Structure formats: structure tokens, C-alpha cells
Peer 1: 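This is the structure I want to talk about, given as C-alpha cells.
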Amino acid sequence: MSSYRLSKGGRIDRTKPLDFTFDGKPMQGFTGDTLASALLANGRQLVGRSFKYHRPRGILTAGAAEPNALVTIGEGGRTEANTRATLVELYRGLTAKSQNRWPSVDFDLGAVNSLLSPFLGAGFYYKTFMWPAAFWEKVYEPIIRKAAGLGRATYQPDPDSYEKCWAHCDLLVIGAGPSGLAAALTAGRAGARVILADEGFEPGGSLLSETAPVGGKSAADLLTKTLSELADLPNVRIFSRTTVFGWYDGNVFGAVESVQKNTATVDPNRPVERIWRIAAREAILASGAEERPLVFGGNDIPGVMMAGAMRSYLNRQAIAPGKSTVIFTNDASGYATAADLEAAGLNIAAIVDSRPDAARTWSGRARILPSAVVVDANGGKNLKGVTVLNGGRTETIEADALGMSGGWSPIIHLACHRGAKPVWSDAKAAFLAPERQEGLTIAGAAAGIGSVEACLADGAGKAVSVLQPLGFSNATAAFATATDTATVSKPLWRIPGSKGKAFVDYQNDVHLKDLGLAVSEGYGHVELAKRYTTNGMATDQGKLSNINAIGILAEARKVSPADVGTTTFRPFYTPLSFGALTGASRGKHFQPVRKSPLHDWAKKNGAVFVETGLWYRSSWFPKTGETTWRESVDREVLNVRENAGICDVSTLGKIEIFGKDAAEFLNRVYCNAFLKLPIGKARYGLMLREDGMIYDDGTTSRLGETHFFMTTTTAYAAGVMNHLEFCAQALWPDLDVQFSSSTDQWAQIAVAGPKSRLILQTLVDEDISDAAFPFLGAKEVSLCGGKLTGRLFRISFSGELAYELAVPAGYGEAIADAIMEAGAPHGICPYGVEALGVMRIEKGHVTHSEINGTVIPSDLGFAKMVSTTKPDFIGKAMLSREGMTAEDRLSLVGVKPLDPSTTFKTGSHILADGATPSLDNDQGYVSSSCYSPNLGSTIGLALVKHGPKRHGEHVTVWNDLKNEYTKAVLCSPVFFDPENGKLHG
Amino acid sequence: MASLIACPHCGPRPKEEFTVRGDAGITRPAPDAGEDAWYAYVYLRDNPRGRHKEHWHHTSGCRRWLVVERDTMTHAIYKVTDASAPGETA
């Protein structure tokens, strides 16, 4: 059926037909069609079912406010639900499906809800389904969700890509209608950097469907001429298919550009959508106005349409609304539509005008019924006719199309995104936003201006006024000033006397009576009425319905719309896809992966990796035949203690510190002394927070008079760097000290075990005997006969004779290979962070399991490290607080099961022997635990009240998760080699 | 979503490059200033409506600590200074 498409006219290209399907049925449209216009051309008025009552619904608008024509576009992973057919640019191969219907949009079983409508009024959720309470989640909600609703999202991954970028301009113009074009042209001619953004695929706004002459010339010619001049200006960028969705701090605007949403053959090398963040020095909001529906019975029957939309479809896509059209209006817009329909040879059955005298200028053929209203539209899936109340007389008029206009509401959403409140204007019969806010000026119909000439003048004039303060003193208005010839009618909020349901919010099935009910039940406040009736919710957020709802609430409350006010406008102006918001942050791109310079070395040695933050660290290195991780870890631990092991410690944070005050600076950020650390020595340092708690630990070495090398824990590397910078810049800017993070520059390798010196000496050119290079030595060394310079530290986390060797990252793998080769005859093995952990627990060395933000140095046995002579350091003042010196602070202690065949887990609580678990009986908790192959038992570190005084005491270790009780004994936290004989070996 | 901070070293940059620390109107007391002064410095913070000075770190930029004076209600930024500038040190 193609009788709805006129044989001539419109802006479509009849030489370029496009095949598409709707609910599986093949259809054809043309380039220049939207999906909505193509459906109309194919005689498809019924395109969806309503949210609650499943009433048949047709296409109501030709733009972003469309509440009915929500369809699902695409297949598989490209499925996109709730797409407004009015904004979808038609393309070859498009597949669209209707929503919220079963089995089909023409025959929908859910329509039985219409019969239940007396029970489905406003607030029905709150009044029914109340009992039993447990039924809500399990029974009622799933049923309601299934019956009421929108389209379904796909579970398949989206195959397309998205991106985000920034744009900068002197002037952002939002909307390419008459005022936007005038503003852009004015600014473009003045040499300003201009971005002109418009949601449509063709710029022009209302000019695209304007037939009346503008300033004595054709609107179409004016548009062509303006666009071609703008295209020739290199400083003007036109973003079509781009919706500016939000106005944010710093005059930054969010916009989404549809890059490839208009094709079935997506180029994988380009995004389908792009989010722009536009930093604009000034912006002009030229978003136009929205035509208001009239609220009468059956105003949702397919065939009823906004008069302006009807005009747009006629003039842009050559669509006839029907064979016989009734216009119902209280505004000039209805007459403009009627005139164009007649000019196209279409029949107007009548023009019903609620005003007594508005028809004076009408020169068309159609008869006018003044002071008359449509009380009911009649029909089911299609409009059959209308019932008109004309001077107390009822008349029925046959018609298959009805164009309605209740006047225009400026689209001011964006101007209210940063807190401005719309103000009701009686003169304009509209809510207006402040015309000028810092950085944003409203122009044209969005500012309440009616005629096209006046919009052009307003856009041009406002561009001049915002550009001059920016230094474009040459800016001249591209259009002459003009008087607004449009008249404003008194709004007609509702038509009394309707038999059928008169819808206010089409998308949420809110009708007139629902709003009355809200007022009578005490929910008349605009924000309460929204929640009580759902008016203004869901995907369109009341773009079409809110102003009528406010007018109706005002009438019911017998106040002015000014007293009712609006609900709050928030971004986003229109719905955004999750894909666009996510941008490139998907899958592997969600966050970076950090690999150690020794990652490949570990991999080829068979490492099992563990994710620690962004890092991948080698966890253990299983050998053939080993079936459990414990077998590998036990072997690695025993081998390090017996022979030697090599471990990648490159993930530790590394910071180079320079400056003549570097030593003084370190003295202030560590609680222990650093001022007199000799060159060539490393020292373990404790860094406190200002509240006295330990922040981080690590070794810092003095490589020169003014050069230190700090290591931090892996987790706190970035935090410590920020902290040092804060201290140096904000606290003590007088100190001469600089930092550079070198975590990624060094591959750092721990070589531990009794044979470590033997092995390393084959690579290190200098003498590293105990005499030449004792414990805590730190120096630059020559490696492999002078081929490479590295840094060698004699430090130990395992308690063994041990070294850490740092080499430039690129040499890491080669040096690790060389160490493995030199160590092979001595039985060296690679070990991972699990074995590292076992050995540090055996030695009672702490990590962030113990340094958990609640401990001070004395809690961990570090009381003597805290300097008593330094005048100041971070954390000093708060360390002497009352609670910090309390006797019963949780303090570090070792714990092991009495029976080595029993075990306990980290996180278990310590109770006095035989005590029942309670808050009062809680004595502390296990902070770290492991199986020690050297002791043949589980061992743990714990933070326990009076810990150090309780060595030898029997306790109960209680695991609430598994309700396990383990008999255990408290002991020294140093389980292995307490004399440190091996360390100095 | 987006706002810009005019770093005195790098120019206007997106706020995602910065990390906020908090009140810059407080000054680290002398070590012997007493418990009350230290308690106030470590724990007590005003939550003003309107003008407020805060420390922001240009973490993904020049890595300087800055004092940003902004309006907590309108989010307008009045002034951005390097934290080491005379009169700004904490």
C-alpha cells in the first residue's frame, strides 16, 4: 500500500528506494525518510502498544519527544530497544520490530488490561499487590514487569565500537533551525570557531517543512543558501545527527553523535556512536519548541497526530495523513497544516477551533467550526471519526486523520540542567528559562518567539551580543531585526465532557482522571503527582506531557501553572546508549594490565600469575608432577632456605629522590631517622599518616649525597608518590627536593638463600663478600664484565642471606636468565609471591595485612624505631594521644595450632582458651596465616590485646564463617631463625 | 559529567586528570601546638556552602598540588594557584 505517499513533493529522493522490514514484513521507503515516515508511507499507523493498557498506538510526532513509536531496531548483538522511529534515519536493510505486544501488534492479548482499567488507575501499585509482602518480589513484580513495559535488551555482546572525544569552540549553537542557523552564520562570518549541532540527519529544523515565504523568499532557498555559506566557512563545523544532551560545569556540553547508526553495513574501523564533550566559551540554545497535544477522549487512537508533525511529514516526506483529515487547534499551527494539506490536494473535513475568532485570516476551502472542541476521537486501531461539541450541539465527523495543536512549549531542558528554574509567563503561556545565564543564551522558539523571521533575527542578534565580549567586535547580525507576528492563545489544558480516556502522558498511559485522582488524594504537588501517576517518567521524561499535566494540576488545584511549577530537568535530554557512555572502556580496555619487565621470563619458567591490582605477579612455579599449589610453594620455600631462589619484585614502587634537602625531607616523612643515613646504605623506613597510623613501609637507600632511592609496597606505590609530592609542595615548599617515579624503569630481582652470594658473585664485577658488602649495603655495581650497570641492595624479606638486584627494565629478562644459569649448579629455583609470603610470615615480617590502617609502630614491635629526637615528622604529634599509649592495644604476636594437624584461617578471631565467642570476649584476630613447611604446621601472625606479654598462652582461634574452633598457642612472631643467623651468613 | 580546571601550569584541563584531597584552608600546626590544634587539623573539616579552597593534585598532568578555590554550590572555579605559592602553603 503506497497511497499515503504523494507522487510529488517533499525532500525525499525517489530515485533511491530503500528496503526495510517491520515485524518481518518487507517494506520500502526512500532516502530522506525516517523510519516513522516510511512506516506512514506504507500505511502503517499502528506501530506499538501502550505501556499499561496495551492500547493501539500510532506515530504522534516527528521528533525527539515521540512517546508511542518506540521500536526495536537491529538483530543479534546490534539489537537496540526503545528507539524512537521518528528519529531513526531509514537505511537499506533496516529491521524494526514493534514492542510490548503478544502475539502481534495488531492482535495483542495484553489489551485485556483495558478492561481492567478501573483497577489500574494512578497509584495502583501502592494500593494493590500489598499482601502478602513476600509476594511483591516473587509474584507481582515479575508479572507486572512482563505485562507492562518497553522493549527488551539483548544478552548478546555489542559487536560495534564507540568513542569519546573533546571539542572546543568559541560558540556552540544547539539546534540548526532558523535561530540556530542565524546564530551560526553570524558567528561564522565574524571568524569565531563555531560548532552547530543538530539531532536530525538534515539541518534546518522547522525550515525543512516551512512552505510560507520567509522575508519574502522561499524558506527552502534560504536554507540551501545558508547551509552552503556555512559549509564554505572553515571555522564552522556542522555536527548533524548529534544530540546535545547535557549542560555541565565549566560550560562543557555533552553530545552524542550517531556516526554509523544509519547503515546495516557497519565499518568496523569506525565507531557507531561518539560522545563529544564540547568546551564552549559561549553557547546559544536554539532547541525550538514542542507542540502540545490536546487532552480529549481517544486522543491516542492511531491517526491522531500533532498538527506540526503532520505538516512535517507532508512537506519533508510527501506523506498524506489520510483521506480525510480533521484539524483540532487553538493555535495558528493548525491552520498552517490545513493550508499545506489543501495545497497538496488533500481533503480537510473540518477545522475545529476552540477559539471564537481565530479563523479571520483563513482563506482555504475547509469549513471552520469556531468555539468548538473535539470531545472524543472514535475508532479502535484506526481513527474512524470525531465527535465535536459545537455550541452545545454534538456533531460527528468522519475522518481517518486528526491533526491537533494546543500551542507551543519552548524546549528549555538544557538551560535548566545546572539548577535554573523555569518561570511561567502568562504573556507567552509557557514556562521560560532565564534567557541569559553565564555561558548560555536562549534564542528563537526556545525563548518563546513565534515567527520564523523573528527567530532568524533573534538568533543573529544574540550571536552578536555574546560574541562581542569574546573579542569579535566585527560581528554583524546576519539577519535584520523583525517583529514577532505570532500570537499566543490562552492554553486549553483539557476538554471537558469526553467519554473515552483522555491521555496526558501517552508513554506511561496517564490519563486525565489519574491526575484528578492524584490531586484529590493529596498528591497534587508536581513532584508527588509525577511519582504517584508516573506522568513524565520513562524514556521521554514527559517532553510532550509535562506542560499539559502542570496545566491540569493547576486547574484542579485552582492555582496558576506558576504555582505548580515544573519537575526538575536533568541530563540526559534524550536517552543515551550504554555503548556510547561506556566508550572504549570495555573488556581488556576497561583498565590497563601492568606486566612486570620479567613477565615473559616468569611465563617461560612456568609461572602461574595472580592479579594484584593492575599487576600480574608470578604466584608460584609448578614443576612436572606437582598437582597442588601447596606442593609447589612448599618446595620453593624449602629450596630457598636450603639453596637459593630468584623472585621478581619489580612491582614494588620505586621513587628516585633528588635534592640537597632530600635527607631532611625523608627525615620528616619517615618516623625513623634518615638524616644521617650513610651513602651506600639501605634502611627500612616506616611512613606514618598524620593521625599516627602506619601508612606504608619499605627500604630507602642513599646512592649519593643528594640522591636517594625509595621503595614502597606494590599497592601503595602511587599513593606514596602523591603523598611525597604533597609534603614537598604544599607543606615544605622551601625544601629543595624532587621526585621521579621509576617503578617501570627498573627490573628488580630478589636472589635469596644461603647460596645467593655465590651465584650473584659470578655476575657482579665488584666484591660482594660480607666484609665488602655487608647487610643493608646499597650501591651501583658493574655487571657481566662491565656490560651493564645495576643497583645491588643487600636486603632480605625472606630472612635468608639475600640481595635485590635492579637493572634497567629492558635487561631484566637477560639478567634473570643469567642468574638462573649461574645458579643452576647450586640448585636455584624461581619462586613466586606465595613462597615470598610464607617466608615473611615465618620471619614475622609485616605487610599491609598487618599495616591495615589501625596500627601504630609500637603495635608491631617498632616502638624503638620511632625517633624521639626529631623535632617533627608526619604523624609525630598524634602518636602520643591517649588511645595510642593504651596498654591493651592489639599488638603483633605469632600464633600456631597446638596440634599441627589442625589449622586456622586468616581473619579468624582470638578468644581466651575455652571462651565463647562474643564482642566482650574478642581478643583480636589472625592477620596473616600460611602453612610453614619448615615448621610442619600452620602458622599465623595476629593482632591481639597485650599480645607480646602473652607468648605461651593457650587460646582458641574461632572462625565464625565455618564455626570452627582451633586450640592454639600465642608465641613470638618470629618462627624461624630468631637469631637472624642466616641473614648475616 | 565534565568540568575543567585551569591548571596554572598546563591550562584548562578536564577534571578527570585531577585528584581532590580536601580543605586547603587548614595549616599544619607546629609539632608542639598541642592536642586541640592537632585534633582540629587532622579531624575537623568545615563543609561550607559557597566559596571553598581545596587541594587538588594534577595527577595525570604536571603532578603539582594546587589550591582550587571553588563554589561548592555552583561549582564555579574562582582561582587556581600552585600550592607552593606564598600564602597557600598548608
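Basis for what follows: all heavy atoms, side chains included, without hydrogens, waters or symmetry-related copies. These numbers were taken from a predicted model, which means no experiment stands behind them.
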Peer 1: Counting only non-hydrogen atoms closer than 4.5 Å, does A/I874 touch chain B with its backbone (N, CA, C, O), its side chain (CB onward), both, or neither?
Peer 2: both

Peer 1: Tell me which of these, A/R881, A/K876, A/R418, A/R689, has more heavy-atom pairs under 4.5 Å with chain B than the rest.
Peer 2: A/R881

Peer 1: Over 60° means perpendicular and under 30° means parallel, so classify the ring planes of A/W247 and A/F253, tilted if in between.
Peer 2: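 The arrangement is parallel - the two ring planes meet at less than 30°.
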
Peer 1: Are the charged groups of B/E69 and B/K53 less than 4.0 angstrom apart, N to O?
Peer 2: no

Peer 1: Do B/D71 and B/H52 have side-chain atoms, one donor and one acceptor, less than 3.5 Å apart?
Peer 2: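 B/H52 and B/D71 do not have a side-chain donor-acceptor pair below 3.5 Å.
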
Peer 1: Which bit of A/F739 comes within less than 4.5 Å of chain B, counting heavy atoms only: side chain, backbone, both or neither?
Peer 2: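 Contact with chain B involves no heavy atom of A/F739 at all.
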
Peer 1: Is a salt bridge present between A/R436 and A/E282, judged by a nitrogen-to-oxygen distance below 4.0 Å?
Peer 2: yes

Peer 1: Taking the ring centre of each residue, are A/H723 and A/Y695 less than 6.0 Å apart?
Peer 2: yes

Peer 1: Check whether the ring centres of A/H417 and A/F569 lie less than 6.0 Å apart, and answer yes or no.
Peer 2: no

Peer 1: Checking B/R49 against B/T72: is there a side-chain donor and acceptor pair closer than 3.5 Å?
Peer 2: no

Peer 1: Thinking salt bridges, do A/R594 and A/D744 make one under a 4.0 Å N-O criterion?
Peer 2: yes

Peer 1: Counting only heavy atoms closer than 4.5 Å, note whether B/R28 contacts chain A via side chain, backbone, both or neither.
Peer 2: side chain

Peer 1: So which residues of residues 18-25 of chain B are in contact with chain A at a heavy-atom cut-off of under 4.5 Å?
Peer 2: B/R21

